[in-house]
Structure formats: C-alpha cells, structure tokens
Amino acid sequence: MRTRTARRGPVVAALFLALCAPTAVAAPVPRPPDGPGTGTGTGTGTGTSDASNASDASDAESAGAALVARRAALAAAASPDGAAAGLDFRTCPAVEDLPSNVRCATLRVPLDYARPDGPQISLTVSRAAATGARGAARQGALVQNPGGPGASGMYFPLVAGLPGWERIAAAYDLVGYAPRGVGRSAPLSCRDPAARPKGPTQEPARPSPAYKMQRLTQAREYARGCARRAGAALPHYTTLNNARDLHVLRAALGEEKLTFMGASYGTYLAAVYATLYPRHVRRMVLDSAVDPDPRRVWYRNNLDQSRGFEARWHDFRAWVARHHATYGLGTTPAAVQAGYERVRDAVARTPAGGTVGTGELRAALLQAAYYDDVWPDRAAALAAFLRGDPSVLAAQAAPDPAAAAEAENATAVYTAVLCNDAPWPADWQTWDRDNTELARTAPFETWANAFLNLPCASWPVRGRQEPVPVGSQPERLPRTLVVAAERDGATPYPGALELQRRLGTRASLVTETGAGSHGVAGGRNGCVDRHVERYLLTGATPGWRVRCAPHPEPAPVSLDDGAAGARRALLPPVV
C-alpha cells in the first residue's frame, strides 16, 4: 500500500516518472487546523446537507463516467486498427525508456467526471500486442496495476519477454498505464522535490512528545503544499476516479469486459471497479489483497500493516539467525535485533557514507519486510558494518538524488488518494494513543507508518468520500482469483479472506503458505503461477480455497562473495 517502499525490479528501469503539471483551475482551499487536538473523532465534520450534496455529486460522476466510456467504445469501434482500438498507439517517448516492441498512447479523461466535457487530463498507456505464438487465439487486453497508490504500470508489457509468460503473452495484449497523478498522467506533486530530505535523516527509536509535534507540523505543511500545488484538482485523485478511468480505458481498448491483474492497492482498485461495473468484469487476478472492509479503509488498514511488518521483521531476523555461520549476527532473532540496534546507534552518531542515518537504515531494512529476496543483501550490509565496513550499507541505503522527483510524485499520489478516499481521525490524540499502544508490540515501523499518513489528519478537502462498500454490486460476478502469501506484512492475510468473502462465492483464493513476500504471482512460486496462467487462459479457478507450498527461502550469500546475487525475474514491483 505504500509507494515509498517501491523497489526497482529486474525488468523495471524506473517506477515513477514526472514531467508536466496537472490541468486545474485555482480555487480557494480550506485552511487546515493550526494546532494539535482540533476536530473530534474520525468524521469529516460534514452535515446532512453535505451528505446530500455528496450523493448528488456521486450520481453526476457515475453518469459522466458512463457517458465518457460510451464515447470511448464508439471511437474504438470506429478505429481501422482493431487491435489498437480507439487509442493511437505509436512509438513510446524516450522518457518512458521502453523497447520498440512496446507502443504507447494517451487516453483523455475528465478531471471531474461530474463535468465530462470540462477540463481534461491525459493518462499514458503502454501495450505489447499479443504474439499469437503457437497459433494462440487472441483473448483481448490484459490490463495491470502494480499498486501504490502512486505506482506506474507502464513497464508491465515487458513481462512478455520473461520466462513463464509466453502463453499469456501469446493470448493477450499486455497493457500497462500510469494512473492519474502518476508519471506523465497529470502528475501530482506536493512540494519541490529538491526540498525532500537528502540524507542523513535521524529518527529516534522512541519518538518524544517534542519530536511528534515536529512531525505533526511537517505533516500539516505537506498537506498545505498539496493544496497549493494541485488547487481545485486535489479532490479528484481518488480510488473512485481511478476505477472510472479504468472503465474508460477498457472501453477505449475495444473491450466489452475487463481482464485485469492488480497487486496490493491494485486489488482494492479492482474490487471497487467490480462493485461499480460488475457487468464489465471478465477475469480478475488480485495479488496480495488489501482488506476492503470500509471500516478499515484506510486508517485501520495502516495499523494492521504495521503489525504485519513487525511479524515479517521477525521472519527476517530468524532467517539471519539460522545463517549465523555466514553472517555472524547471532543465533537468535533477539541477537540479530541487538546487532541491528548497534548499527542504528552507530549511524545516529556517524551516518554511513555521510548519507545513511537511522531513517535511511530503517527504510532499507523495511524492504526485508516486503521481499525475502533482499534478505541476503541486507544481512550482508549489517554484518559488514559491524565488521568495520560501512560502504555496503551506504550503497544499499543511500538516497538517490536522481530519483527525488519520482519519489515525491509517488508520495504525493499515495497521500492524495488515501486521504481523499475516506475519513481519517482529525485529532492528534487518537493517532498518538493508537500508535503509542501499537508501538509497544510492533516498534519497527509503527511510527514511521503513522507519520507517513499523518497529512490525512489535516487534509484540506471538505466532505471526503466514504469508502466504497465493496461487494454490494447487484449482479453476480464471474469467477475471480485472489492470491496471497500467508505471512505478507504489507497486506496482511486476513485482508485476502475479507476480499474473497466480499467478491462472492465464485471467488477463489490461492494461498502461499508459510511465506510472506509481497506480490505472489509472476515468477516466485510455480504452483501459484500455474493457477494464475490457467485462470487467465481458460477462466477456470482451482476451487474455493487451495494452498501452495512456500517458495524456497533465499540462500545466504557470504561476505566474500558479496551480497548481490542473481535475482529471479518477477513482475514489475508491487507496492
């Protein structure tokens, strides 16, 4: 769910690109609260009139989306190129850094679906046409969203060249896109990327009241920056609008029904789409599921995530302890924790490489809570540091100045979508109470996660929407496929159970038992991939609930050999 933890994968040159500014008309924006403790409870403060207005606006947006989709479908039907449909696919701009077999187009959609003929924004789209290898019949377009919110799917067509994707690539056009706000799709920014911390940043292990107030002030300023830079466009970066954009993209591709792969946040987007447009769902693979329960979107989901990260942090330390002979970091998770704390204390005094403080250290180790294929790298970095060589840690954890604009764009979209999607607690006391209690048992990431989301407490948008009641669609959905890792920290496993329940009796759940890497499908687990391929090619699901054995844990890498081993080719990263 968190874009700041996105990683570059072996098939991805860059996750996020930012080039131009969104089209928007400046408008006065309500000023956020000036002091702690303003507001009460978790509501937005809107009354009956506001609720009625919100309902009217939602009806207008739904009608606008239907109109725009119909127009896109007509344009697709009139296109002389049946495969390209209504989108004009051409050579991709150099900035996209995509090979010649991938073609790019832009899709025009309304900024505000209540005004379908009002200000428009352009979304970038990429496509690798179905290869038709071995006489495979084309089944249409397979659209992918890698999560975030704030991640770009423009690199998804590259999976056509990866082992294990041949049959899917033969049958489907592989379509990626950058959702609104991301990359060159009406890019959103909340502050000058040059103002991002360049490192080292120092975070206390246990934040003091003074430090908390400092972060609260920074969060309020960040929210104000979003309002200043986005203007009247800010309320329109939402999951609802992402689903409407997807509806229009489906129509522009000439598809009556959507075939979709979504990972992490992309599973929530898919669930919302299925709720809004059940008649337009063909097949959906939902990988590493977000809990769609409206009561958990998004504040409680992030508390659950911090608990999940703590469990995965333990898994990493237990793995390192099992390989004490390689790393020398201790034979128990507690001993490995003590070694980590020695490193943390050291970089608090003297940053590694001059740029890696406690903040960068934690962010680098958080990757180990997401993906076990980085475990050898991170363990080797800690071991080398404690043996007197900080260069390995510095190489892995130092901020990349060249990626500052991409990182700011990703954080801005993540913040805007989550803050707009649902009410958040407006009073600091609620955040402080809940996270103080949680940090007693889950200290590793709790406060960093809270501070990342804290702009939502003073978000300068009136009448934020209520979460979509996923599963309330009147029509029965076709077969869908949910895949999840049992120990996933970023999207804890109970969310997959809840998503399956809400999608209905035709939803199948494939569980990778005893594993926790975020993002299951696409090259990590052969059992899971076989179920995914069979479903995409035939529509058949394996049953209500089936289980796959975990993928092998990574092998330790000796310090003499270095930590950079060969990595398996996976899907573009989920976040």
Side-chain angles (χ1 to χ4, degrees), residues 1-4 16-27 29-30 32 44 54 57-58 61 64-65 68 107-115 118-124 145-153 177-191 222-249 265-266 268-269 272-273 276 290 297-298 406-424 452-453 455-456 458-468 575:
M1 285 184 285
R2 303 175 59 210
T3 49
R4 75 161 43 179
F16 311 109
L17 296 168
L19 188 61
C20 54
T23 301
V25 179
V29 178
T44 58
S58 178
E61 289 165 337
V68 177
L107 175 70
R108 299 284 286 174
V109 297
L111 174 66
D112 178 0
Y113 277 96
R115 301 170 59 200
Q120 304 286 298
I121 59 177
S122 294
L123 308 184
T124 59
N145 180 288
S152 173
Y177 73 108
R180 61 171 58 201
V182 178
R184 296 187 302 118
S185 295
L188 179 64
S189 175
C190 292
R191 65 180 171 190
Y222 190 79
R224 293 187 183 105
C226 296
R228 285 193 300 267
R229 285 175 168 260
L234 188 60
H236 302 294
Y237 295 94
T238 65
T239 297
L240 269 173
N241 277 338
N242 285 339
R244 293 169 182 136
D245 292 344
L246 187 58
H247 189 49
V248 177
L249 174 59
Y265 166 78
Y268 182 65
L269 171 60
V272 171
Y273 182 93
L276 298 180
V290 168
V297 175
W298 287 104
E406 301 169 7
E408 163 50 26
N409 174 228
T411 301
V413 175
Y414 167 87
T415 305
V417 172
L418 266 64
C419 294
N420 283 330
D421 265 5
W424 290 71
L452 173 67
N453 293 288
C456 295
S458 57
W459 192 241
V461 170
R462 291 193 183 277
R464 283 179 270 179
Q465 66 186 40
E466 293 294 325
V468 174
V575 292

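The model shown is predicted, which means the values in this text are computed figures rather than measured ones.
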Please give me the minimum heavy-atom distance between Leu234 and Pro460, naming the atom from each residue.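 Distance-wise, the nearest heavy atoms are CD2-CG, 4.2 Å.
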State, to 0.1 Å, how close Ala186 and Tyr237 come at their nearest heavy-atom pair, and which atoms those are.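 Smallest heavy-atom distance, with atoms named: O-OH, 3.3 Å.
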Pro179 to Leu123 - nearest heavy-atom pair and separation: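 Nearest heavy atoms, Pro179 then Leu123: C-CD2, 4.3 Å.
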Main-chain N/O of Ile121 paired with Arg180 side-chain donor or acceptor, under 3.5 Å: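 Absent.
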Checking Ala65 now: which residues fulfil side-chain contact (heavy atoms from CB on, under 4.5 Å) with it, not counting sequence neighbours?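 Counting only residues at least two positions away or on another chain, Ala65 forms a side-chain contact (heavy atoms from CB on, under 4.5 Å) with Tyr113, Arg244, Tyr277.
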Sequence-distant partners of Asp112, side chain to side chain donor-acceptor pair (under 3.5 Å), two or more places apart: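 None.
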Which residues pass the side chain to side chain donor-acceptor pair (under 3.5 Å) test with Asn242, sequence neighbours left out?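 Applying side chain to side chain donor-acceptor pair (under 3.5 Å) to Asn242 gives Tyr265.
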Is a side-chain N or O of Arg228 found less than 3.5 angstrom from the main chain of Arg191, in a donor-acceptor match? no
So, taking the atom named CG in Asp245 and the one named OG in Ser185, what distance separates them when rounded to the nearest 0.5 Å? 9.0 Å
Less than 4.5 Å apart, side chain to side chain, heavy atoms only: is that true for Ser189 and Asn409?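 The answer is no; the side chains never approach within 4.5 Å.
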Heavy-atom pair with the smallest gap, counting every atom of Gly118 and Gln120: O-NE2, 2.9 Å
How many angstroms lie between atom OG of Ser58 and atom CD of Glu466, to the nearest 0.5 angstrom?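 Rounded to the nearest 0.5 Å, the OG-CD separation comes out at 12.0 Å.
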If you take all heavy atoms of Cys419 and Arg464, which pair is closest and at what distance? O-CD, 2.7 Å
Between Ala223 and Pro455, what is the shortest heavy-atom contact and its length? CB-O, 3.9 Å
Suppose we screen for side-chain contact (heavy atoms from CB on, under 4.5 Å). Which residues come up paired with Cys190, at least two apart in sequence or across chains? Tyr222, Cys226, Glu408, Ala412
What residues, two or more places apart in sequence or in another chain, satisfy side chain to side chain donor-acceptor pair (under 3.5 Å) together with Tyr273?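 For Tyr273 the side chain to side chain donor-acceptor pair (under 3.5 Å) partners, ignoring immediate neighbours, are His247, Arg250.
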Report the C-alpha separation of Leu240 and Leu276 in whole Å, then their side-chain angles, then the decisive distance to 0.1 Å, and conclude whether the side chain to side chain contact (heavy atoms under 4.5 Å, CB included) test is met. CA-CA 9 Å; Leu240 269 173; Leu276 298 180; 3.6 Å; yes
Considering residues at least two apart in sequence or located in another chain, which fulfil the side chain to side chain donor-acceptor pair (under 3.5 Å) criterion with Asp421? Thr239, Trp298, Gln465
Please report the C-alpha distance between Tyr177 and Val182 in whole Å, then the side-chain angles of each, then the deciding distance to 0.1 Å, and finally whether the side chain to side chain contact (heavy atoms under 4.5 Å, CB included) criterion is met. CA-CA 9 Å; Tyr177 73 108; Val182 178; over 6 Å; no
Any sub-3.5 Å donor-acceptor pair from Arg229's side-chain atoms to Leu188's backbone N or O?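 Flag not set: sc Arg229 to bb Leu188 has no pair under 3.5 Å.
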Keeping the roles fixed (side chain from Thr238, backbone from Asn420), state whether a donor-acceptor pair exists under 3.5 Å. no
Going by heavy atoms in the side chains, are Asn453 and Leu418 under 4.5 Å from each other? yes
Pro423 and Pro467, any side-chain heavy atoms less than 4.5 Å apart: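 They are in side-chain contact.
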